[in-house]
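Naming convention: chains lettered A, B, ... in sequence-line order (proteins, then strands); numbering from 1 in each chain.
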Protein chains: 2
Amino acid sequence: MSGNSLDFPARLRAAGLRPTRQRVALARVLFEAGHRHVTAESLHAEVKASRMSVSLATVYNALNQFRDAGLLREVVVAPGRSYFDTNTGHHHHFYIEPDGELHDFPSEKVTIAGLPTPPKGTRLSRVDVIVRVRR
Amino acid sequence: MSGNSLDFPARLRAAGLRPTRQRVALARVLFEAGHRHVTAESLHAEVKASRMSVSLATVYNALNQFRDAGLLREVVVAPGRSYFDTNTGHHHHFYIEPDGELHDFPSEKVTIAGLPTPPKGTRLSRVDVIVRVRR
DNA sequence: GCAAGTTTTAGAATAGTTCTAATCTTCTTG
DNA sequence: CAAGAAGATTAGAACTATTCTAAAACTTGC
Ligand SMILES: [Mn+2]
Ligand SMILES: [Mn+2]
Ligand SMILES: [Zn+2]
Ligand SMILES: [Zn+2]
């Protein structure tokens with residue numbers, strides 16, 4: 001009884017999205033294995049290799065819709081490209097600079113103490129920790 | 001006896017850069033007041049308003065050279081644009097999401113405990129903390 | 001099955017950034 | 001301080017990631 005069933009049409013419907021062939025194919029690639037970090041281009045290449053072809057515009061549309069629906073989270077670590085993360089829970093990232101690889105690490109064991117209060121008139125939205133490493 | 005004198009030609013030379021008219025004008029705008037966070041476009045607009053005109057290509061060249069020389073640091077917080085930061089010391093950022101504003105906060109009072117060790121074959125390069133807030 | 005609303009798509013458009021190559025400036029050397 | 005070499009600036013073209021447009025193809029509820 002996992003909250004993340006493999007019935008992708010149902011999961012899309014639950015998120016308020018019509019389960020079109022393209023969205024189901026993308027959801028399958030994104031969610032059927034463990035957590036993933038993809039770019040629009042990498043996902044497009046992957047889904048193309050998996051028989052069903054989906055246009056790049058649709059990949060961008062789906063990634064933005066999935067993010068807006070809370071199925072994905074967007075991660076900005078490098079100028080010029082966005083990553084989309086199937087892990088929507090609290091966690092942080094290693095970013096391996098030369099190859100552009102992202103790895104999760106849990107936020108549970110990490111303690112951030114002494115953060116100042118947000119500037120006047122603002123509310124906290126999210127705290128991102130990016131540990132940049134090189135080979 | 002500040003390490004950051006207002007003799008911009010000398011500072012540029014010390015960084016291994018020829019003190020051309022354009023670079024001196026940009027350095028003045030960037031470094032003569034306190035710490036700043038600029039984008040290429042915002043710096044271009046600012047320097048244009050200050051009498052001397054500098055092409056956008058030169059602004060990009062100078063920002064990249066200043067960063068490579070250690071005079072600036074590049075901050076990636078939003079998809080599609082880079083910020084350049086005149087504060088090159090250890091510190092972290094508030095990012096005010098709707099308006100794209102960046103504010104520093106010192107890393108001295110912030111303690112990050114329990115960070116996992118970098119993946120095999122990698123060395124730590126930098127830890128970025130971005131506190132995203134909205135109005 | 002049909003109509004009504006949605007989605008997909010190819011290709012055009014846009015935004016931020018980098019590149020090209022001609023011109024101009026700065027520096028070195030005599 | 002003049003001349004030449006090396007380096008910098010610039011306009012505009014090119015490039016990359018992403019979004020937009022509008023026409024054709026789907027999905028859905030009846
Ligand atoms: Mn987006
Ligand atoms: Mn750059
Ligand atoms: Zn992640
Ligand atoms: Zn800063």
Residues from residues 49-59 of chain A lying under 4.0 Å of DNA chain C - heavy atoms:
A:S53, A:V54, A:S55, A:A57, A:T58

The residue, B:R13 or B:A40, whose nearest nucleotide of DNA chain C is more 5′ is B:A40

Which residues pass the salt bridge (Lys or Arg N to Asp or Glu O under 4.0 Å) test with A:R126, sequence neighbours left out?
A:D128

Rounding to an integer number of Å, can you tell me how far A:Q65 CD sits from C:dT8 C1'?
11 Å

Please collect all ring pair (Phe, Tyr, Trp, His ring centres under 6.0 Å) contacts where either partner lies in residues 22-74 of chain B, sequence neighbours excluded, each pair once.
B:H37-B:H93

So, using side-chain hydrogen bond (donor to acceptor under 3.5 Å, both in side chains) as the criterion, who are the partners of B:T58 when residues are at least two apart?
B:S55

Who clusters with A:F105? Use side-chain heavy atoms, under 4.5 angstrom, across I, L, V, M, F, W and Y, and order the result by chain and number.
A:F94, A:I96, A:V110, A:I112, A:L115, A:L124, A:V127, A:V129, A:V131, A:V133, B:F94, B:I96, B:F105, B:V110, B:I112, B:L115, B:L124, B:V127, B:V129, B:V131, B:V133

Figure out the CG/P separation between B:L12 and D:dA8, and round it to whole Å.
11 Å

With sequence neighbours left out, the residues meeting side-chain hydrogen bond (donor to acceptor under 3.5 Å, both in side chains) with A:T88 are none

Take the protein atom CZ of A:R81 and the nucleotide atom C1' of D:dT19, then report the distance between them rounded to whole Å.
17 Å

For C:dT7, does either OP1 or OP2 sit under 4.0 Å from a side-chain N or O belonging to A:N61?
no

Between D:dT9 (C1') and B:L63 (CG): distance, integer Å
15 Å

Separation between CD (A:E74) and CG (A:L63), nearest 0.5 Å, reads 9.0 Å

Name of the residue among A:H91, A:R36, A:H92 meeting side-chain hydrogen bond (donor to acceptor under 3.5 Å, both in side chains) with A:D104:
A:H91

What integer distance in Å separates B:K48:NZ from D:dT10:P?
12 Å

Taking transitive links into account, so neighbours of neighbours count too, which hydrophobic residues share a cluster with B:V76 at under 4.5 Å side-chain distance?
A:V76

Mind grabbing the angle between the end helix axes of the helix from C:dG1-D:dC30 to C:dG30-D:dC1? Five pairs an end, 10° rounding.
30°

Residues which pass side-chain hydrogen bond (donor to acceptor under 3.5 Å, both in side chains) with A:R73, listed by chain and number, not counting sequence neighbours
none

Listed partners of B:E32 passing side-chain hydrogen bond (donor to acceptor under 3.5 Å, both in side chains), at least two apart
none

Rounded to the nearest angstrom, tell me the gap between atom CZ in B:R67 and atom P in C:dT17.
11 Å

Quick one: is D:dT18 close enough that its OP1 or OP2 comes under 4.0 Å of any side-chain N or O from A:Y60?
yes

Return each pair, listed once, that meets salt bridge (charged side-chain N to carboxylate O under 4.0 Å, His left out) where at least one residue sits in residues 87-97 of chain B; pairs must be two or more places apart or across chains.
B:E97-B:R132

Roughly how many Å is it from CD in B:E41 to P in C:dT18, rounded to a whole number?
12 Å

Donor/acceptor link under 3.5 angstrom from B:R18 side chain onto base of C:dT26:
yes

Where along residues 19-32 of chain B does a heavy atom come under 4.0 Å from DNA chain D, residue by residue in number order?
B:T20, B:Q22, B:R23

Taken to the nearest whole Å, CG/A:N64 to P/D:dC20 is 9 Å

Answer whether the closest heavy-atom distance between the side chains of B:R123 and B:P118 falls below 4.5 Å.
no

